[in-house]
There are 4 protein chains.
Amino acid sequence: MVRIGIIGMGRIGKVHLTSISTRVTGAKVVAVSDPYMGDEAKALVEKYGGIKICGDYHEILSDPEIDAVLVCSSTDTHASISIEAIKAGKHVFCEKPVDLSPEKILEVGKALEGTGLKFQVGFNRRFDHNFAAARKAVEDGKIGEPQIIKITSRDPAPPDPRYIAVSGGIFLDMTIHDFDMACFLSGSEPEEIFVQSAVLIDPAIGEQGDVDTAIIVMKMKNGALAVIDNSRKSAYGYDQRAEVFGSKGAVKTSNDSLSTAVIADDNGITGEKPLYFFLERYMESFSTEMIAFVDAVENDKPVPVGIEAGLNSVRIALAAKQSVAEHRPVTL
Amino acid sequence: MVRIGIIGMGRIGKVHLTSISTRVTGAKVVAVSDPYMGDEAKALVEKYGGIKICGDYHEILSDPEIDAVLVCSSTDTHASISIEAIKAGKHVFCEKPVDLSPEKILEVGKALEGTGLKFQVGFNRRFDHNFAAARKAVEDGKIGEPQIIKITSRDPAPPDPRYIAVSGGIFLDMTIHDFDMACFLSGSEPEEIFVQSAVLIDPAIGEQGDVDTAIIVMKMKNGALAVIDNSRKSAYGYDQRAEVFGSKGAVKTSNDSLSTAVIADDNGITGEKPLYFFLERYMESFSTEMIAFVDAVENDKPVPVGIEAGLNSVRIALAAKQSVAEHRPVTL
Amino acid sequence: MVRIGIIGMGRIGKVHLTSISTRVTGAKVVAVSDPYMGDEAKALVEKYGGIKICGDYHEILSDPEIDAVLVCSSTDTHASISIEAIKAGKHVFCEKPVDLSPEKILEVGKALEGTGLKFQVGFNRRFDHNFAAARKAVEDGKIGEPQIIKITSRDPAPPDPRYIAVSGGIFLDMTIHDFDMACFLSGSEPEEIFVQSAVLIDPAIGEQGDVDTAIIVMKMKNGALAVIDNSRKSAYGYDQRAEVFGSKGAVKTSNDSLSTAVIADDNGITGEKPLYFFLERYMESFSTEMIAFVDAVENDKPVPVGIEAGLNSVRIALAAKQSVAEHRPVTL
Amino acid sequence: MVRIGIIGMGRIGKVHLTSISTRVTGAKVVAVSDPYMGDEAKALVEKYGGIKICGDYHEILSDPEIDAVLVCSSTDTHASISIEAIKAGKHVFCEKPVDLSPEKILEVGKALEGTGLKFQVGFNRRFDHNFAAARKAVEDGKIGEPQIIKITSRDPAPPDPRYIAVSGGIFLDMTIHDFDMACFLSGSEPEEIFVQSAVLIDPAIGEQGDVDTAIIVMKMKNGALAVIDNSRKSAYGYDQRAEVFGSKGAVKTSNDSLSTAVIADDNGITGEKPLYFFLERYMESFSTEMIAFVDAVENDKPVPVGIEAGLNSVRIALAAKQSVAEHRPVTL
């Protein structure tokens, strides 16, 4: 039984608490911490029972009964808390991005060296049923050598412009998942990136120095080309699709919806919109990634998404920002 | 070059004139006849050129240059004109139903005996790309032994109730195509039939002694079960689907629409309705059946849809009527 | 907090234990009983904690702390245990069929009278996301008046022929869900039924006096026609679809699969097979029906699937058997 | 009746002869010319009748009875023959590309000035049922302001490498259709283009200085972003899809296949591959564009695809080549 402490009980901390408590065999959340624990978080803690509430996350780090911590605090604290946790001998599951600066991520990597501790990054989409099936088709050789990777990733609504300032912008906040997905699906990583972007949805986003619509082209080290298209606002809801085209065929995923029901009437043949946003769409993947983390800890297996993935995705995001700033292809 | 005369220049006669003139290599319409030739028919005749207009179809039958005739007149004249044509030594393509009475169809069969002439019945749906693909899957053994055949056949709008009286009712007018399709897809014919039916669309149809909604269950001689569902009025247009379920799998067809475009918006994901009605939906199949007929005539091959198919479908339709009247399963 | 005892810890008892423990807020399983509790069941009991294991279900019935029981024992004991539970003042969730005899179900109904206790029957498919969406479309008037209901229900593999003898045959064991679904989707119940059936899969099923392939046609009291097609063995897995056609349109559901990934290669465009069998396919619906039951108990609401549904479905199944035996339409 | 001469009776000349002769009302091919008229072309000419065969296209240009010519000769002669035809007072339908050099196309434009003659460029895909439906959705405001245009265009097999040398390379030969499509769908034209490309299919293509796989990103003048992905070899056949994402929704097209039949078996649920190549896939669009051209000539309407479209597409293709050569975004 892996004993887990969760640091940070915002939206994603609560997701992990619930999925560990209800869907992950072999693990138990024994402590949570948050300087401003909300009522909803308290209710969950009470519901699942046997969980200590800590005001300060150091209580979790110093608890010898705790095997692993989930770092679900604000992004700017991910790296430092991770390092503290490693020094305290805890396995770490760290939400993405590990940090907005590659240097800090490298420091985390340094701290990990020789410890034998597990460090997994929260790229949950790799565990999603659709994307995992696409990756499996690639791995199984069903499509031959990957040549073109296409990812569509559109949010239902833009974040509050004030959030954009602290998020690091669209590439570090939103596209970072897609960068990781391009690496995951291709089994490679980019050597060059070019971004064409625009502010088409909300001028306030532009005023923050960010963009809300983008097409990103990458050349991967294995020769494949990859393209991501992003929008901060999709009228029909969360749009999350991928396609890998290769020498022997292609694999393509579609969106999930709440049901397969279609209505045929005078207007046409109408199916449901995609699931609204990431909590609905990816709920299952949050459990699956946690099962994988617990399995790595308990059975001393390699984590499926290590710190390199965390580092790569941030490096790509920063290169994307540079491509926008200098309006040219940027080599990684 | 097969020289063809068309007897009857109503809707279906014009369809055949056009498809032979534009899509059938190796055949030429050289004469047409209709006691009341409409303006549209005249315009087509002029457009394609080199076609004699006859007031009386006997002119066609007595023309030694004509190899084959298409019997596109009203149903009650199909059998007698076919017999005259056979006696005149013409190959015959006869629209369905050959007659509403099996006895008359048998007389046509008798007239054919020993003549070596071709006689094809206009069950054009066998030549439709979707249904033909389903049949091919069955023939190729892709689904193993057929066990369940399902046919959905719903019209966009009911005919004028006055037409119903002369049409012989839903089973002889509309379902007759589906009966033939059940035989075609299963490679068998029914030994028993039961009909559950209702008047749900227009009471005037009921007043004519007919029904507008029906579910028809058949046991086929090869052991398979078949079910047809019919409606005279589908709000989303012409619905023409089939499914054959067998010991190794199933094959299923969907409706055709004008384009594959789907619109995703706040209302959902909406594709186009099916093609509106049989002229749009089955236009291609009218050409394909004619190509097959011309090929049979020119190269002395067996016709793909012979008089037995014409006879069977009418017998099944009459058994269906009997099942409704006596409200019990009827053996064929 | 509704305190629940589960009587019978076979496959379905374990499903309910897991879903209540992990997905149903406001309920807790506090006791389980089974004369032959398996290892897997014991492991679950231990995992979720705080659950008493009883050898005899009377311990559950006599425990004043228990509010509700789930009757998950073998079918022949459903009715008698339900009656005992009602007499002990427990709310009851009873698996389907309540009994193979309508008389016994009526006795349960009699026992319920005037008690104010809740009694829900385990027709979980009503809570399935696809079927519920179809029903919602009907209720919302999206398709107008229902005219044709079509249900396809095919199992991936037939049961052991020895099981067939005790199951009451295909209609009481398998089609009973479809009978209930036809009532649910149409908002009505049948007044007449006719069955065309065959033994096409395994002669041993026929030797048990049962069939393995069937098409069932019903006339519903509201005038709609309904058709169910059943097979005990579908080569591509569990096939569970429905369609309701009405005066203003139609609603249709498709199968669920594990992912939306499709592979395009030289063989064609290939998507995944349906989810394998009912535990995978309907897992979510088992939670949803339990949430509804707990809600009914806790907030004194009407149960969504009452004893009438349990009674109707068995009456229809028996009429279906009679239709096969006498080979005629049977009035209910 | 528009009297037409066809100059060049290769593959596309024959397509136009057939579609005018069988599907275009109000037009008649009266003469064809080709220095090396093949047997297949001769057979068609004979079949449709009333057509003069000319060895030299000047015979066509000097025939006062001919209203319009189709320039279907080799690309390097398109511009000069077009100019001659204009000077001879003929309306011109010119296959794409009008020329590989914008200067020459401008000369054609100059020749046209003040003549009142029609000049249509053969971008047939605009007339395809799927792409036309997508454009109509945009025009009708169904998706709001276009923000992202995506075009997938993959050929089933690469051309002979020797052809590549004369074709001007992938952008002038293959992507030119996609460039025009991006303009058509967005209702705009690019102001900037960037290409990421590779040789992944056949090194011989690279040896010709060309690429076989490309992702092309454009910024359109109306602010929308566009992306095209190209491959010279798709294992599952011709892949021709488009998507336009806008402020109110998106429209998406899929590939056409020969039938809607899908086979469900132990391998999954398998539909047919796309139609094999452009003659099958776009046959209907070749007729539709010709109907539009004849309509423009006969009724003095503006042509739907004028010389500007021919000029734009070549300019974009050349900018694409420059982007590859200089590996940077190129302004148009």
Side-chain angles (χ1 to χ4, degrees), chain A residues 1 18-26 28 43-44 47-50 128-138 140-144 240-272 274-275 284 287, chain C residues 1 18-26 28 43-44 47-50 128-138 140-144 240-272 274-275 284 287:
Chain A
M1 181 67 63
T18 297
S19 66
I20 295 172
S21 302
T22 60
R23 303 199 188 187
V24 182
T25 326
K28 168 94 189 91
L44 285 176
K47 176 179 171 191
Y48 296 121
D128 172 66
H129 59 145
N130 292 336
F131 294 118
R135 173 60 192 158
K136 188 167 178 347
V138 176
D140 291 354
K142 294 275 176 66
I143 64 150
Q240 297 280 299
R241 289 173 285 152
E243 179 174 335
V244 188
F245 171 83
S247 53
K248 287 166 57 181
V251 60
K252 196 173 72 145
T253 69
S254 310
N255 286 310
D256 286 346
S257 57
L258 210 52
S259 89
T260 64
V262 292
I263 292 177
D265 61 17
D266 193 44
N267 296 314
I269 314 297
T270 305
E272 294 186 15
L275 291 178
E284 193 195 324
S287 300
Chain C
M1 179 68 63
T18 296
S19 65
I20 295 171
S21 303
T22 61
R23 303 198 188 186
V24 183
T25 326
K28 168 95 187 89
L44 285 176
K47 177 178 170 193
Y48 297 120
D128 173 65
H129 59 145
N130 292 336
F131 294 117
R135 173 61 194 158
K136 189 168 177 346
V138 176
D140 291 355
K142 294 274 177 68
I143 65 150
Q240 296 281 298
R241 288 173 283 153
E243 179 174 334
V244 188
F245 172 83
S247 53
K248 287 167 57 183
V251 59
K252 196 174 72 148
T253 69
S254 309
N255 287 309
D256 286 346
S257 58
L258 209 52
S259 89
T260 64
V262 293
I263 292 177
D265 61 17
D266 194 45
N267 296 315
I269 314 297
T270 304
E272 293 186 16
L275 291 179
E284 195 195 323
S287 300

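Everything quoted here is computed from the prediction, not taken from an experiment. So that the names make sense, note that chain A is the first sequence line, chain B the second, and so on, each numbered from 1.
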Peer 1: Given that the side chain runs from C-beta out, which part of Arg241(A) has a heavy atom under 4.5 Å from chain C: side chain, backbone, both or neither?
Peer 2: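 Looking at Arg241(A), nothing touches chain C.
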Peer 1: Report all side-chain donor-acceptor pairs from residues 262-269 of chain C shorter than 3.5 Å, counting only partners two or more places apart or in another chain.
Peer 2:
residue: Asp265(C); atom: OD1; partner: Asn267(C); partner atom: N; Å: 2.9
residue: Asp266(C); atom: OD1; partner: Lys273(D); partner atom: NZ; Å: 2.9

Peer 1: Against chain C, work out which of Ser21(A), Gly271(A), Ala250(A), Ala132(A) has the most heavy-atom pairs shorter than 4.5 Å and name it.
Peer 2: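 Option with the top pair count is Ala250(A).
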Peer 1: Restricting to non-hydrogen atoms, name the atom on Ala261(C) and the atom on Val251(A) that form the minimum distance, rounded to 0.1 Å.
Peer 2: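 Closest heavy-atom pair between Ala261(C) and Val251(A): CB-CG2, 4.1 Å.
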Peer 1: I'd like to check the side chain to side chain donor-acceptor pair (under 3.5 Å) partners of Ser259(A); sequence neighbours left out, ordered by chain and number.
Peer 2: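 In terms of side chain to side chain donor-acceptor pair (under 3.5 Å), with neighbours along the sequence ignored, Ser259(A) is linked to Glu272(A).
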Peer 1: NZ/Lys47(A) to CE/Met1(C) distance, rounded to the nearest 0.5 angstrom?
Peer 2: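 These two atoms lie 8.5 Å from each other.
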Peer 1: Where on Lys136(A) is there a heavy atom nearer than 4.5 Å to chain C: the side chain, the backbone, both, or neither?
Peer 2: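 Contact with chain C: none, neither part.
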Peer 1: Name the option with the most non-hydrogen atom pairs under 4.5 Å to chain A; the candidates are Arg23(C), Lys142(C), Glu243(C).
Peer 2: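 Going by pairs under 4.5 Å, I would pick Arg23(C).
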Peer 1: Quick check on side chain to side chain donor-acceptor pair (under 3.5 Å): which of Thr253(A), Asn130(A), Asp256(A) does Thr260(C) satisfy it with?
Peer 2: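 Per the side chain to side chain donor-acceptor pair (under 3.5 Å) rule, the option paired with Thr260(C) is Asn130(A), out of Thr253(A), Asn130(A), Asp256(A).
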Peer 1: Pick one of side chain, backbone, both or neither for Asp128(A), based on which atoms fall under 4.5 Å of a heavy atom in chain C.
Peer 2: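 For Asp128(A), there is no contact with chain C at all, as no heavy atom is under 4.5 Å.
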Peer 1: Go through the atoms of Lys248(A) and report whether side chain, backbone, both or neither lie under 4.5 Å from a heavy atom of chain C.
Peer 2: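 The answer is the backbone of Lys248(A).
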